[in-house]
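Count residues from 1 along the sequence. These figures come from a predicted structure and were not determined experimentally.
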Amino acid sequence: MAGARRVFVFDLDGTLIDAFHSHLRVYQAVFRDLSLPFEETAYTQAYSPNWYVMYERMGVPRARWDEADRLWLEHYGRERPQERDGASALLRQIGAAGRPLGLVTSGDRSRVERDLERLGWTELFQVVICGGEVPERKPHPAALLHALQQLDQEKSAAVYVGDTIEDVIMGKAAGVLTVAVLGGFGNRESLERASPDLLLDNLSDVAQLL
């Protein structure tokens with residue numbers, strides 16, 4: 001872990017934006033519209049950044065996944081999740097240090113671009129890879145490796161910052177330094193079991209890698 005990292009790639013939901021409660025409200029609305037039972041405890045235990053994994057774990061019939069997708073985007077359009085404490089300052093500090101910035105998220109591009117524009121982050125990232133833009137979804141490393149290729153950066157120079165087990169697994173599979181930040185969708189116990197290279201209490205602590 002010694003030495004500064006030259007490129008930083010982030011997850012979005014739960015890592016840079018405080019999405020936990022907004023996602024919970026959206027899933028509750030989706031399940032209500034689908035006339036399916038919803039339990040918050042089951043949701044927390046089943047959570048995955050891959051919403052198709054979520055649908056399967058939560059018992060959404062496969063034939064209704066397209067409908068669930070449409071409803072999810074419809075309800076999320078009414079949400080306005082805010083940045084996590086220190087997110088803007090951290091991103092601008094990384095940019096000011098001349099480090100390339102990438103975003104690899106499972107979110108739909110139209111929704112992600114809307115969030116980035118609303119938060120004033122659109123120009124901060126040199127590359128943004130969204131859900132479904134490579135055949136394999138998180139935690140497969142394809143999206144992260146694709147981002148590094150677009151940034152023309154070696155994996156040995158990269159750090160991936162996320163908040164879930166899937167983020168850690170993806171980063172490890174890609175061969176980058178993995179940083180998990182508490183306070184998002186993952187809890188300390190599960191993240192410790194995933195063995196990230198760094199487990200941080202605060203997002204702003206990522207700056208120690210500059």
Side-chain angles (χ1 to χ4, degrees), residues 9-88 91 101-125 127-140 143-144 147 160-167 170 181-187 203:
V9 185
F10 286 83
D11 168 58
L12 180 63
D13 297 313
T15 302
L16 292 174
I17 62 174
D18 185 10
F20 179 83
H21 293 100
S22 60
H23 280 210
L24 174 61
R25 287 191 295 270
V26 168
Y27 274 107
Q28 287 172 327
V30 169
F31 275 66
R32 182 189 65 237
D33 290 351
L34 294 173
S35 298
L36 294 173
F38 183 91
E39 292 290 339
E40 184 173 342
T41 301
Y43 162 81
T44 302
Q45 294 173 344
Y47 184 82
S48 168
N50 183 335
W51 56 90
Y52 297 121
V53 171
M54 281 287 289
Y55 294 163
E56 189 162 21
R57 290 175 178 172
M58 296 287 288
V60 179
R62 189 174 294 265
R64 304 193 72 184
W65 286 7
D66 286 346
E67 182 184 4
D69 280 352
R70 179 184 60 77
L71 289 168
W72 202 99
L73 290 171
E74 177 184 325
H75 286 292
Y76 187 85
R78 304 186 185 100
E79 294 288 334
R80 295 291 184 271
Q82 299 303 304
E83 67 173 87
R84 287 193 58 178
D85 287 346
S88 286
L91 294 175
L101 267 170
L103 188 73
V104 173
T105 172
S106 296
D108 173 83
R109 177 164 289 275
S110 63
R111 189 274 291 182
V112 169
E113 289 181 344
R114 187 168 64 247
D115 280 340
L116 295 181
E117 181 177 4
R118 179 172 54 81
L119 292 165
W121 294 350
T122 301
E123 303 302 323
L124 299 181
F125 295 97
V127 64
V128 175
I129 307 297
C130 297
E133 295 181 350
V134 297
E136 302 87 356
R137 289 182 177 271
K138 196 186 289 187
H140 194 282
L144 180 51
Y160 185 66
V161 184
D163 67 307
T164 67
I165 296 172
E166 288 86 351
D167 291 324
M170 180 176 70
V181 180
L182 294 170
F185 288 96
N187 60 60
L203 183 63

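Between the side chain of R57 and the main chain of A46, a donor-acceptor pair closer than 3.5 Å is present. With hydrogens and angles ignored, the 3.5 Å screen pairs no side-chain donor or acceptor of D33 with any backbone N or O of V30. Side-chain atoms of S106 never come within 3.5 Å of backbone atoms of G131 as a donor-acceptor pair (strictly under, hydrogens ignored). One N or O on the side chain of R80 and one on the backbone of G77 form a donor-acceptor pair closer than 3.5 Å. In this structure, the side chain of E133 engages the main chain of C130 through a donor-acceptor pair within 3.5 Å.
Rounded to the nearest 0.5 Å, atoms CD (Q28) and CD (E39) are 10.5 Å apart. Here H21 contributes atom NE2 and Q82 contributes atom CD; the two are 14.0 Å apart, rounded to the nearest 0.5 Å. I165 contributes atom CD1, which lies 13.0 Å from atom NZ of K138 (distance to the nearest 0.5 angstrom). Taking CG from L36 and CE from M58, the interatomic distance works out to 9.5 Å, rounded to the nearest 0.5 Å. Remark: H23 NE2 to I17 CD1 distance equals 6.0 Å, nearest 0.5 Å. To the nearest 0.5 angstrom, D115 atom CG is 8.0 Å from S22 atom OG.
Using a 4.5 Å heavy-atom threshold, the side chains of T105 and F10 count as separate. For the pair F38/R32, no side-chain contact is recorded, criterion being any heavy-atom separation below 4.5 Å from C-beta on. Side-chain contact between V53 and E166: absent, with no pair of heavy atoms (C-beta onward) separated by less than 4.5 Å. L12 places none of its side-chain heavy atoms less than 4.5 Å from the side chain of F125. The shortest side-chain heavy-atom distance between P139 and T164 does not fall under the 4.5 Å cut-off. Counting heavy atoms from C-beta outward, L24 and E40 have side chains that approach closer than 4.5 Å. No side-chain heavy atom of L203 sits under 4.5 Å from any side-chain heavy atom of D85. Under the 4.5 Å side-chain criterion, counting only non-hydrogen atoms from C-beta, L73 is in contact with R111.
Checked options F185, Y27, W51, F31; the residue passing with Y43 is Y27 (criterion: ring-ring contact (aromatic ring centres under 6.0 Å, His included)). Results of the side chain to side chain contact (heavy atoms under 4.5 Å, CB included) test with L103 over V127, D11, L91, L116 single out L116 as the only residue that passes.
In terms of heavy-atom proximity, W65 sits nearest to V60 at NE1-O, 2.9 Å. Considering all non-hydrogen atoms of both residues, W121 and S88 come closest at NE1-OG, 2.8 Å. When all heavy atoms are compared, the tightest approach of A143 to V104 is CB-CG1, 3.7 Å. Across every non-hydrogen atom of D167 and G162, the tightest pair is OD2-CA, 3.4 Å. The two residues L119 and P81 make their nearest non-hydrogen contact at CD2-O, 4.5 Å. Heavy atoms only, all atoms of each residue included: G14 and R84 are closest at O-NH1, 2.8 Å.
The environment of CD in E117 is sparse: at most 12 heavy-atom neighbours from other residues, nucleotides or ligands sit within 6.0 Å. In this structure, E79 places its CD atom where more than 12 heavy-atom neighbours from other residues, nucleotides or ligands lie under 6.0 Å away.
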Given side chain to side chain donor-acceptor pair (under 3.5 Å), test H75 with R78 step by step and report yes or no. CA-CA 6 Å; H75 286 292; R78 304 186 185 100; 3.0 Å; yes

Intermediate values then yes/no, side-chain contact (heavy atoms from CB on, under 4.5 Å), L34 and E67: CA-CA 8 Å; L34 294 173; E67 182 184 4; 3.5 Å; yes

Begin with the C-alpha distance, continue with both residues' side-chain angles, and end with the deciding distance and a verdict on side-chain contact (heavy atoms from CB on, under 4.5 Å) for V161 and V9. CA-CA 6 Å; V161 184; V9 185; over 6 Å; no

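Between Y76 and W72, the two ring planes are parallel [angle under 30°; tilted spans 30° to 60°].
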